Amino acid sequence: MNGAPHIGAGFTFIRGDVYARFKRMQGFNVLFPQAFHATGEPIVGAVKRLEKGDKSQEQAFKIYGASEKNLKDFVKKGPKFVAKFWKKRWIEDLQATGLSIDWRRTFITTSMTPTYSRFVEWQYNTLKARGYVTQGTHPVVWCPKCRSPTGDHDRLEGVGESPTEYIIIKFKLTSGEMLPCATLRPETMYGATNIWIDPDVEYVRAEVNGEKWILSKTAVKKLKDQLKEIKIIDKVKGSELIGKACENPVTKTKIPVLPAKFCDTEIATGIVVSVPSHAPYDWIGLEELKADKAQQKKYNIEKIVRAVEPISIIATEGFGEHPAKEICEKLGIKTQKDADKLEKATESLYKKEFHTGTCKKNCGRYAGMKVSEIKEILVEDFTDEGIADKFWETTATVVCRCKTKCHIKILENQWFLKYSDPKWKEQTKKWIRKMKFYPEDARKQFDSTVDWLHDKACTRRSGLGTPLPWDKEWIVGTLSDSTIYMAYYTLAKTLNEKKGKIKAEQLTDEVFDYIFFGKGDAAKLAKSSRLDKKIIEELRNEFDYFYPVDMRTSGKDLVQNHLTFFIFHHIAMWDDQERWPRSIGVNGYVNVAGEKMSKSKGNFRPLRDLVKKYGADLVRINIVASNENMDDADWRDESVQTYNSRINYLFELASELKKAKGKGRKEGEGKTAQNRNIEMYMESRLQELIKSVTDSYEQMKFRSAAQSTLFGLTNELKAYIDRMGGVANCNKNILAQVVEAVIKLIAPLMPHIAEELWASMNKKSFVSIEKWPVAQVEKINKKIMQLEDTYKKTREDIKQVAKLAKADNHLCLYFATDEELEYFRASMENLKKLGFKKISVFKSTDPKAYDPQDKAERAKFGRPGIFIE
RNA sequence: GCCGGAGUGGCGGAAUGGGUAGACGCAGUGGACUUAAAAUCCACUGGAUAGUUAUAUCCGUGCCGGUUCGAGUCCGGCCUCCGGCACCA
């Protein structure tokens, strides 16, 4: 609720409306509701930015039509006012767009509607009691100054970066102190030849969970937030450690500490283990050190350096003994200062070795195994042996809006939804197999989302929302408080009507259990909650009548979160699968003329502006018919005109309808065989199209529905009128039947225009509540359709031939079947309009036929022979 | 990087239990009507060559390879774009 609807949101909502209207016409009692989600940070953040005079935030609100005065009010009256302000605008705009929403059921989440908050509390109490909510630790990107998690929107730098886990391998100096080396490739420890330390950096000695570690100062700060007991003892200069020996805990061999400049104290512990055979940085570092006699002499490590030799431990196809060496040579890397190239080399070698590499004989118990297969086991093994530990780091630098550099903090006491629960997952997956998805492609996405989903943090510390009932310091997260809100719609009408009379606290967990689960006794609950028994029963009945959700439709970005959670939570809350969701519709985003809509580009389209410019119906059909799969839809101003001209045609036709003479159906009575044929054809086509359009609506394929109706059916209508020689010669009953069907078939898409057309045909009812046409399949005459199609096609061919032959004297047609001969004879009047002086028709087998070029023998069913002279 | 989806004319996009690629619409070109314009109507419209007929031949669905009598569709390997990746909603 930090703006009014734009055409993108409009797309999703109009699709819902079209479907609701379609179902209503099919005779269903449709509950089509709309509520407003005002939880979390966005509005709070927007108001804060307004307070600071943020121009782009002002602009964002102004695009949707907020005035200067409104903006002042936003700051003065705060986030809840902003939410209510935009809620009002939303309702106005959606009404102007003709959305048939039951506004009696609207509400605004969560804390702004205390009864809804109560509903969230009931849900979480229930989930907790059933074991779906647990508490645990959780790494987050953390700003030490703000003392809060730093979401993407709170970042100056590092949008999209997330926590990643380094493995610390503890190398032991002879003094017993540990050199904790952080690595993403613990499997390479078998090839470690030395430790790198920056001689010019000041490290610290610290007591970490009872052990003595040497590490960078920054690392100490970070580890304090990662559940480590840590105390700094004193400082130690890097140079003091150079030349010392330590034990590789994996191989138990002794390796030396050597100097290098690429040890970044901002990353992990600031101490690096060197695997020159497989790490480009280490290879170059060692090469340079071996060449740098002065440096060796400075630290008195000549002998030690000479003894260091790369150890090859991974065999990878396409590489020899020392892959790091090869890749450095290939990319022309000569110095450790060539950071860009080194990063690239490291990345590509890592990938290659991880996916295709095999451990050589010198890799202990992992010898002969694939790198990709051992990684996880190895980390577990090392951790069990007490030689490894973890260090969380951001995937790249993250800077908070307050300009402070962020690191990873492991949050304790965070509440989680246990989406990892195998039983819950299995139930959800099973149900996904039974549900319907539009388009069908979406099913796979839901299925794989369930697969990778693991425990999800469901509470947060700040923003609008409902406090967790048993731990009020936390607020239920914005995704987690809106999983089963559809159930609340069934109550919302009654709760809104009785506003003030029903207090949130009267809706106890037991009352909700009764309403939603049918558990308990209404009379007893009435007593304990002091609610009217009738009201309790009314709420129960409303829920019982409407539930489950038959259709939920939303944007594709919500598949991997909201929409999947929606399925999960219904399964967790209701034992009875009769209450579980039946189908989900998914649509793409909306581009404007092929480009992403953006406030700064100037191609931003608030729904209100478009409706003002084009009227609701043209906006509706222009966006809804622009696309019907999960790809992005496209708003194009110029295509509005196309629909407009079709509508004009329908209005003209409706007004001309009375000119039709309305002849009877039987031959004789002034009706020719030709007319009877064409009428049968028109009726067949109509029924066929009713069937396919209904199927399209059913599957939310509104583009196909609009196309078949507005272009397919009206094209047939035009052809019919043309073939009959104008409206006046048409059968009034047939014409009216087709036009009425067209109006009904477009009614869900263009409700206002449909009503207007309906009225112009002297109908007294509303078409929006008329019966949806049901295809009369028995009226579809395949033979006639085939013959008429042959006729149309042949007529085109004749024109083509006449053009190439440059002749119009004598047209001869040869037919393979009597049916065709008959049909064409009946259509002679129409055929004559082609302008030939003489027309002859023959059976192809007729020996007496005039056939100078032997065209008769080439005639096939559906393809008569043509000769023109 | 990981998971999922997609890539077809000038454009939006049809067609996938393998079987005539380009339905329908837009734009474009030519013509009719009009003093003119708009609107409307008719014809053409992936590329190339040939043609007194209804066509014929070849090339064409992101790239490379494969399976098959036959591949937009299936398989393997890439490239590009979109969505999600968890304290943004």
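These numbers come from a predicted model, not from an experiment. Residue numbers begin at 1 in each chain, while the letters A, B, ... track the order of the sequences.
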In whole Å, I'd like the distance from the [atom1] atom of [X] to the [atom2] atom of [N].
X       : N      : atom1 : atom2 : answer
E638(A) : A27(B) : CD    : C1'   : 9 Å
D634(A) : G13(B) : CG    : C1'   : 11 Å
E353(A) : G1(B)  : CD    : C1'   : 17 Å
F565(A) : G84(B) : CZ    : P     : 13 Å
L713(A) : G25(B) : CG    : C1'   : 16 Å
L689(A) : A23(B) : CG    : C1'   : 13 Å

At under 4.0 Å between heavy atoms, what does [X] touch on the DNA or RNA strands: base, sugar-phosphate, or nothing?
X       : answer
K596(A) : sugar-phosphate
S639(A) : nothing
K556(A) : sugar-phosphate
G477(A) : nothing
I798(A) : nothing
I868(A) : nothing
D632(A) : sugar-phosphate
N629(A) : sugar-phosphate
H562(A) : nothing
G588(A) : nothing

Of the listed nucleotides [options], the one nearest the side chain of [X]:
X       : options                : result
W452(A) : G83(B), A89(B), C3(B)  : C3(B)
N715(A) : G25(B), G84(B), A14(B) : G25(B)
P42(A)  : A89(B), G12(B), G83(B) : A89(B)
Q560(A) : G84(B), A14(B), C3(B)  : G84(B)
E41(A)  : A14(B), C3(B), A89(B)  : A89(B)
D557(A) : G83(B), A89(B), G13(B) : G83(B)
L558(A) : C3(B), C24(B), A89(B)  : A89(B)

* To do: State the syn/anti category of G12(B) according to its glycosidic angle, syn meaning within 90° of 0.
  => anti
* To do: Kindly indicate, with the supporting measurements, whether the criterion side chain to side chain contact (heavy atoms under 4.5 Å, CB included) is fulfilled by Y132(A) and H569(A).
  => CA-CA 10 Å; Y132(A) 291 110; H569(A) 282 245; over 6 Å; no
Between [X] and [Y], is there a side-chain N and carboxylate O pair less than 4.0 Å apart?
X       : Y       : result
D695(A) : K701(A) : no
R460(A) : D481(A) : no
E353(A) : R185(A) : yes
R685(A) : D789(A) : yes

* Any T478(A) side-chain N or O less than 4.0 Å from OP1/OP2 of A89(B) -> yes
* Asked: Between Y643(A) and C24(B), is there a side-chain N or O to OP1/OP2 distance below 4.0 Å?
  -> no
* **Secondary-structure string, 5' to 3', Watson-Crick or G-U under 3.5 Å, | for another-strand partners, for RNA chain B** => (((((((..(((......[....))).(((((.......))))).(((((....)))))..(((((..]....))))))))))))....
Separation of the [atom1] atoms in [N] and [M], to the nearest angstrom:
N      : M      : atom1 : answer
C82(B) : G12(B) : P     : 15 Å
A23(B) : G72(B) : C1'   : 15 Å
G19(B) : U61(B) : P     : 16 Å
U73(B) : C58(B) : C1'   : 23 Å
U20(B) : A14(B) : C1'   : 15 Å
U68(B) : C78(B) : C1'   : 23 Å
C74(B) : A6(B)  : P     : 9 Å
G47(B) : U29(B) : P     : 15 Å

* To do: Begin from the C-alpha positions of D451(A) and K429(A) and carry the test salt bridge (Lys or Arg N to Asp or Glu O under 4.0 Å) through to its verdict.
  => CA-CA 8 Å; D451(A) 276 336; K429(A) 281 179 74 100; 2.6 Å; yes
* Taking the inter-plane angle between the rings of W635(A) and Y614(A) on a 0 to 90° scale, is it parallel (under 30°), tilted (30 to 60°) or perpendicular (over 60°)? -> tilted
* Asked: Is the W424(A) ring parallel, tilted or perpendicular to the Y419(A) ring (thresholds 30°, 60°)?
  -> tilted
* **Closest-nucleotide ordering on RNA chain B, the 5'-leading residue of D455(A) and S448(A)** => S448(A)
* Asked: Quick one: on RNA chain B, does Y589(A) or V141(A) contact a more 5' nucleotide (nearest heavy atom)?
  -> Y589(A)
* Asked: Is K456(A) positioned over the aromatic face of F565(A), cation under 6.0 angstrom from the ring centre and no more than 45 degrees off axis?
  -> no
* Partner residues of R461(A) under the side-chain contact (heavy atoms from CB on, under 4.5 Å) criterion, sequence neighbours left out -> E473(A), W474(A)
* Partner set under side-chain hydrogen bond (donor to acceptor under 3.5 Å, both in side chains) for D421(A), not counting sequence neighbours -> none
* Asked: Between H810(A) and Y850(A), is the gap from one ring center to the other below 6.0 Å?
  -> yes
Give me, pair by pair, the N or O atoms of the protein and of nucleotides 39-42 of chain B that are less than 3.5 Å apart, along with how far apart they are.
from   : atom 1 : to      : atom 2 : distance (Å)
C41(B) : OP1    : K718(A) : NZ     : 2.8

* To do: Check whether the side chain of N561(A) and the base of A89(B) form a donor-acceptor pair under 3.5 Å.
  => yes
Every protein N/O lying under 3.5 Å from an N/O of nucleotides 5-11 of chain B:
from  : atom 1 : to      : atom 2 : distance (Å)
G5(B) : OP1    : K444(A) : NZ     : 2.6

* Pairs involving residues 133-145 of chain A, ordered by first then second residue, that meet salt bridge (Lys or Arg N to Asp or Glu O under 4.0 Å) (sequence neighbours left out) -> none
* To do: Could you go through the side chain to side chain contact (heavy atoms under 4.5 Å, CB included) check for Y438(A) and T553(A) one step at a time?
  => CA-CA 9 Å; Y438(A) 308 107; T553(A) 176; over 6 Å; no
* CA sep, side-chain torsions, deciding dist, call: R155(A), E161(A), salt bridge (Lys or Arg N to Asp or Glu O under 4.0 Å) -> CA-CA 10 Å; R155(A) 296 178 191 176; E161(A) 303 302 338; over 6 Å; no
